[in-house]
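Just so we're clear, the structure is a prediction, and the values are computed from it rather than from any experiment.
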Amino acid sequence: MRGKGYTTSISYDRRLYKEDIAGSIAHVKMLAIQRILSSSDAEKIISGLEVILREITEGLFPWKEELEDIHMNVEARLHEIIGSVAGRIHTARSRNDQVTTDLRLYVKSSIDTTLMGIKDLQRAILGQAEKNISVVMPGYTHLQRAQPVLLAHHLLAYFEMLERDKHRFQEALTRVDVMPLGSGALAGSPYPLDRNFVARELGFSRISSNSMDAVSDRDFVLDYMYASAVLMTHLSRLAEEMVLWSSEEFGFVRMGEDHSTGSSIMPQKRNPDFAELGHGRSGRVYGNLVGFLTTLKGLPLTYNRDLQEDKESLFDSVDTVQSTLEAFTGMLEDVCFDS
């Protein structure tokens with residue numbers, strides 16, 4: 001069959017398994033409370049989902065590419081474990097509101113992790129500023145020596161940039177913190193749902209107001225990508241300073257051996273590879289933002305399969321940002337300034 005696998009996303013969306021299972025458990029609990037589903041059926045479904053969660057966590061889950069995505073893999077396995085009652089998990093729920101709920105939970109978690117990474121890097125900057133509190137260095141404009149400044153003052157400029165980055169992610173967190181489950185495919189559900197109960201179970205502060213907007217909205221993905229792009233701009237600027245300052249021409253800083261590499265042919269050199277990779281990878285994060293903006297710009301309401309393209313670019317931005325923050329924190333803790 002030509003094009004086999006073209007619609008498959010399980011290779012990357014399986015990382016949403018925790019969010020998918022948590023959303024399903026909260027939904028089933030609500031159905032039981034509202035007497036839409038019997039208590040015994042709800043208990044069977046929840047028990048089966050907990051088994052699946054353990055299987056995935058322990059690396060025992062039988063992933064099947066032909067089932068295309070995380071949602072179908074979980075549901076098929078649930079049928080194998082508890083039988084036909086598994087089909088009732090989709091009562092009053094569509095794949096459309098399910099997937100955006102999963103993604104919102106994932107972005108919320110990613111923002112929390114990113115904020116911790118930013119704070120760690122800020123602590124590393126403060127540590128170097130305190131360690132070198134009296135060190136004087138040339139300040140530059142146009143890359144020409146201008147006025148003497150304290151090294152601490154220079155480093156703390158990056159602390160301020162990161163502080164603004166924190167605020168951007170915190171603002172993104174307020175916008176992603178909306179629970180869309182209950183929107184159905186696009187026009188809600190005829191069942192007497194308690195959406196506020198599900199929101200509380202999943203840790204959302206409020207529920208969506210318009211079902212058509214809720215299933216098609218990916219602004220929260222753009223928010224994360226935009227905040228990430230600005231953050232990577234700041235990290236790229238810091239990286240370039242480290243590249244310049246560690247050169248023979250400047251000689252302001254010595255990179256630690258754990259965060260630089262030797263030359264394959266010139267053993268006297270230490271190359272600032274971590275810094276260079278950091279500002280190189282900023283382009284990936286910019287590209288993810290522009291690419292997904294382009295995906296969204298022509299989509300009519302409501303759900304379109306194009307929205308499947310949100311995940312790879314988002315996941316890549318999350319991974320790139322978090323690994324860069326971790327690497328730069330280590331790099332800053334490891335450098336030695338020539339006082």
[Y]/[X] salt bridge by N-O under 4.0 Å criterion:
{"X": "Arg77", "Y": "Glu80", "value": "yes"}
{"X": "Arg104", "Y": "Asp217", "value": "yes"}
{"X": "Asp316", "Y": "Arg284", "value": "yes"}
{"X": "Arg305", "Y": "Glu68", "value": "yes"}
{"X": "Asp97", "Y": "Arg195", "value": "no"}
{"X": "Glu19", "Y": "Lys311", "value": "no"}
{"X": "Arg237", "Y": "Glu240", "value": "no"}

Do the side chains of [Y] and [X] get nearer than 4.5 Å, heavy atoms only?
{"X": "Asn73", "Y": "Phe61", "answer": "yes"}
{"X": "Leu325", "Y": "Thr114", "answer": "yes"}
{"X": "Ile36", "Y": "Pro192", "answer": "yes"}
{"X": "Leu231", "Y": "Phe169", "answer": "yes"}
{"X": "Asp223", "Y": "Ile111", "answer": "no"}
{"X": "Ser110", "Y": "Gln322", "answer": "yes"}
{"X": "Asp194", "Y": "Val198", "answer": "no"}
{"X": "Phe292", "Y": "Arg218", "answer": "yes"}

Nearest 0.5 Å please: distance from the [atom1] atom of [X] over to the [atom2] atom of [Y].
{"X": "Leu115", "Y": "Asp165", "atom1": "CG", "atom2": "CG", "result": "10.0 Å"}
{"X": "Asp306", "Y": "Leu299", "atom1": "CG", "atom2": "CG", "result": "4.5 Å"}
{"X": "Leu235", "Y": "Met242", "atom1": "CG", "atom2": "CE", "result": "12.0 Å"}
{"X": "Tyr17", "Y": "Thr57", "atom1": "OH", "atom2": "OG1", "result": "4.0 Å"}
{"X": "Gln122", "Y": "Thr329", "atom1": "CD", "atom2": "OG1", "result": "10.0 Å"}
{"X": "Leu105", "Y": "Thr100", "atom1": "CG", "atom2": "OG1", "result": "9.5 Å"}

Indicate, with yes or no, if [Y] and [X] share a hydrophobic cluster defined by side-chain heavy-atom contacts under 4.5 Å among Ile, Leu, Val, Met, Phe, Trp and Tyr.
{"X": "Met72", "Y": "Ile89", "answer": "no"}
{"X": "Val99", "Y": "Leu301", "answer": "no"}
{"X": "Leu193", "Y": "Met212", "answer": "no"}
{"X": "Met116", "Y": "Phe159", "answer": "no"}
{"X": "Met255", "Y": "Leu244", "answer": "yes"}

For [Y], is there any backbone N or O sitting under 3.5 Å from a side-chain donor or acceptor partner on [X]?
{"X": "Asp13", "Y": "Ile70", "answer": "yes"}
{"X": "Ser183", "Y": "Gly188", "answer": "no"}
{"X": "Thr320", "Y": "Ser317", "answer": "no"}
{"X": "Asp177", "Y": "Ser205", "answer": "yes"}
{"X": "Ser282", "Y": "His279", "answer": "yes"}
{"X": "Gln128", "Y": "Leu332", "answer": "yes"}
{"X": "Asn132", "Y": "Val135", "answer": "no"}
{"X": "Ser189", "Y": "Tyr191", "answer": "yes"}
{"X": "His90", "Y": "Arg95", "answer": "no"}
{"X": "Thr113", "Y": "Ser109", "answer": "yes"}

- Item | Passing candidate, side-chain contact (heavy atoms from CB on, under 4.5 Å) with Phe252, options Ser246, Ser247, Pro138 | Pro138
Contact summary for [X] and [Y], nearest pair of heavy atoms:
{"X": "Ile207", "Y": "Ala199", "value": "CG2-CB, 3.8 Å"}
{"X": "Phe204", "Y": "Val176", "value": "CE2-O, 3.9 Å"}
{"X": "Phe274", "Y": "Ala327", "value": "CD2-CB, 3.8 Å"}
{"X": "Leu307", "Y": "Val215", "value": "CD1-O, 4.1 Å"}
{"X": "Leu78", "Y": "Ala86", "value": "CG-CB, 3.7 Å"}

What do you reckon, is [atom1] of [X] surrounded by more than 12 foreign heavy atoms closer than 6.0 Å?
{"X": "His167", "atom1": "NE2", "value": "yes"}
{"X": "Glu65", "atom1": "CD", "value": "no"}
{"X": "Lys166", "atom1": "NZ", "value": "yes"}

- Task: Check the pair Glu241, His154 against side chain to side chain donor-acceptor pair (under 3.5 Å), reporting the backbone distance first and the verdict last.
- Result: CA-CA 11 Å; Glu241 302 246 53; His154 192 126; 2.7 Å; yes
- Residues Leu314, Val107; criterion side chain to side chain contact (heavy atoms under 4.5 Å, CB included); working and verdict: CA-CA 9 Å; Leu314 170 64; Val107 171; 3.8 Å; yes
- Message: Determine whether Tyr303 and Ser94 satisfy the following criterion, side chain to side chain donor-acceptor pair (under 3.5 Å), listing intermediate values before the conclusion.
- Response: CA-CA 11 Å; Tyr303 183 83; Ser94 165; over 6 Å; no
- Task: Might you work through the side chain to side chain contact (heavy atoms under 4.5 Å, CB included) test for Arg15 and Tyr106, ending with a clear yes or no?
- Result: CA-CA 9 Å; Arg15 74 161 69 188; Tyr106 176 83; 2.9 Å; yes
- Task: Name the orientation class of the two ring planes belonging to Phe315 and Tyr12 (parallel below 30°, tilted from 30 to 60°, perpendicular beyond 60°).
- Result: perpendicular
- Query: Taking it one step at a time, do Tyr226 and Arg168 satisfy side chain to side chain donor-acceptor pair (under 3.5 Å)?
  - Reply: CA-CA 9 Å; Tyr226 172 71; Arg168 264 181 285 274; 5.1 Å; no
- Query: Run the side chain to side chain donor-acceptor pair (under 3.5 Å) check on Arg88 and Ser38 step by step: do they pass?
  - Reply: CA-CA 10 Å; Arg88 295 173 188 169; Ser38 71; 5.3 Å; no
- Task: Assess Lys131 against Phe337: is NZ or CZ under 6.0 Å from the centre of the six-membered ring, and within 45 degrees of the ring's axis?
- Result: no
- Message: For a side chain to side chain contact (heavy atoms under 4.5 Å, CB included) check, start with the C-alpha distance between Met225 and Val285, then their side-chain angles and the critical distance, and finish with the verdict.
- Response: CA-CA 7 Å; Met225 289 180 172; Val285 177; over 6 Å; no
- Query: Going through the distances and angles, do Ile25 and Val28 end up as a side chain to side chain contact (heavy atoms under 4.5 Å, CB included)?
  - Reply: CA-CA 5 Å; Ile25 289 175; Val28 169; 5.9 Å; no
